[in-house]
2 protein chains.
Amino acid sequence: MFSKILQRVVEETGGGIGAVLMGYDGIAIDQYFSSDEEIDLQMVVVEYSNVLKEIRRTAEILSLGDMEEISIRTERFVFVIRMLNVDYFVALVIKRDGNFGKGRYMMTRESSNLIEALS
Amino acid sequence: MFSKILQRVVEETGGGIGAVLMGYDGIAIDQYFSSDEEIDLQMVVVEYSNVLKEIRRTAEILSLGDMEEISIRTERFVFVIRMLNVDYFVALVIKRDGNFGKGRYMMTRESSNLIEALS
């Protein structure tokens, strides 16, 4: 059920490469890949999950409110990461010239479906 | 000279609160604030500068290409952080309902001016 939602996010985002549903402990629940792009999304997201915890902690300490979304743009890719609850987040990777706005929209729209599926 | 550029970024971004030009060592070069919003942007950015280094290092290790931009959305604010060179980055904070797209555009447009002013 998670995979269907992830697939929808990836396929409806122009330039979407893959999406993964993951715990802050770095363990993936499910993922979907549309292409054989040379990227190990799971490894990237495991690495970034520690950073996410750090950003979340900082947001708490400094009273910035709950962290909702992070995007990271590199020379090759754009990552959109959306927090679902205290335990889980979802990450989408898009080609650099892909549709970032649509990706963010899809992640926002499908978040509630993922949260529902998780509970 | 930096302050004028930062002021332009903040004032032309709908909902812009402030901007700071900072080194990865957490030392600010210059900053501009438009409002007395209750946020210590410098403290936030100092905290996040360590995270930025971590994200950059991960991007290098995993061959994602150079890190260019990061945005963080919390319940209260949106932060747009843009790398300028190996030593410096610029951070903009916008109200949550501010114009994120315009902020990203302004940061991209003024980056080259900041890089020029830094050299």
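Quick caveat: nothing in here was measured; it's all calculated off a predicted structure. Naming: A, B, ... by sequence-line order, numbering from 1 per chain.
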Nearest atoms (heavy-atom pairs only) where I55(A) meets Y48(B): O-OH, 3.2 Å
Taking the side chain as everything from C-beta on, heavy atoms only, tell me whether M43(A) gets closer than 4.5 Å to L62(B). yes
Distance in Å, F100(B) CZ paired with R104(A) CZ, rounded so as to fall on 0.5 Å steps: 5.0 Å
Is there a continuous path of hydrophobic side-chain contacts, each under 4.5 Å between heavy atoms, that joins V9(A) to L118(A)? yes
Report whether I70(B) and V46(B) are members of the same hydrophobic cluster (ILVMFWY, side-chain heavy atoms less than 4.5 Å apart, transitive linking). yes
Heavy-atom contacts under 4.5 Å, residues 106-116 of chain A to chain B: none
Any idea which of S71(A), A59(A), G65(A) has the most non-hydrogen atom pairs under 4.5 angstrom with chain B? S71(A)
Any donor-acceptor pair under 3.5 Å linking the side chain of E75(B) with the backbone of D66(A)? yes
Is it the case that atom OH in Y24(A) sees more than 12 heavy atoms from other parts of the structure closer than 6.0 Å? yes
Do the side chains of V80(B) and V10(B) join up, straight or via other hydrophobic residues, at under 4.5 Å, putting them in one cluster? yes
Can you check whether anything in residues 86-94 of chain A gets within less than 4.5 Å of chain B, heavy-atom wise, and list it by number? none
Side-chain heavy atoms nearer than 4.5 Å, only ILVMFWY residues, links allowed to pass through others: does that put V45(B) and M67(A) together? yes
Mind checking whether I72(B) and V44(A) sit in one hydrophobic cluster, side chains of I, L, V, M, F, W, Y counted as touching below 4.5 Å? yes
Is a side-chain donor or acceptor of T74(B) paired with a backbone partner of L64(A) at a separation under 3.5 angstrom? yes
Given heavy-atom pairs under 4.5 angstrom as the criterion, report whether the side chain, backbone, both or neither of R82(A) touches chain B. neither
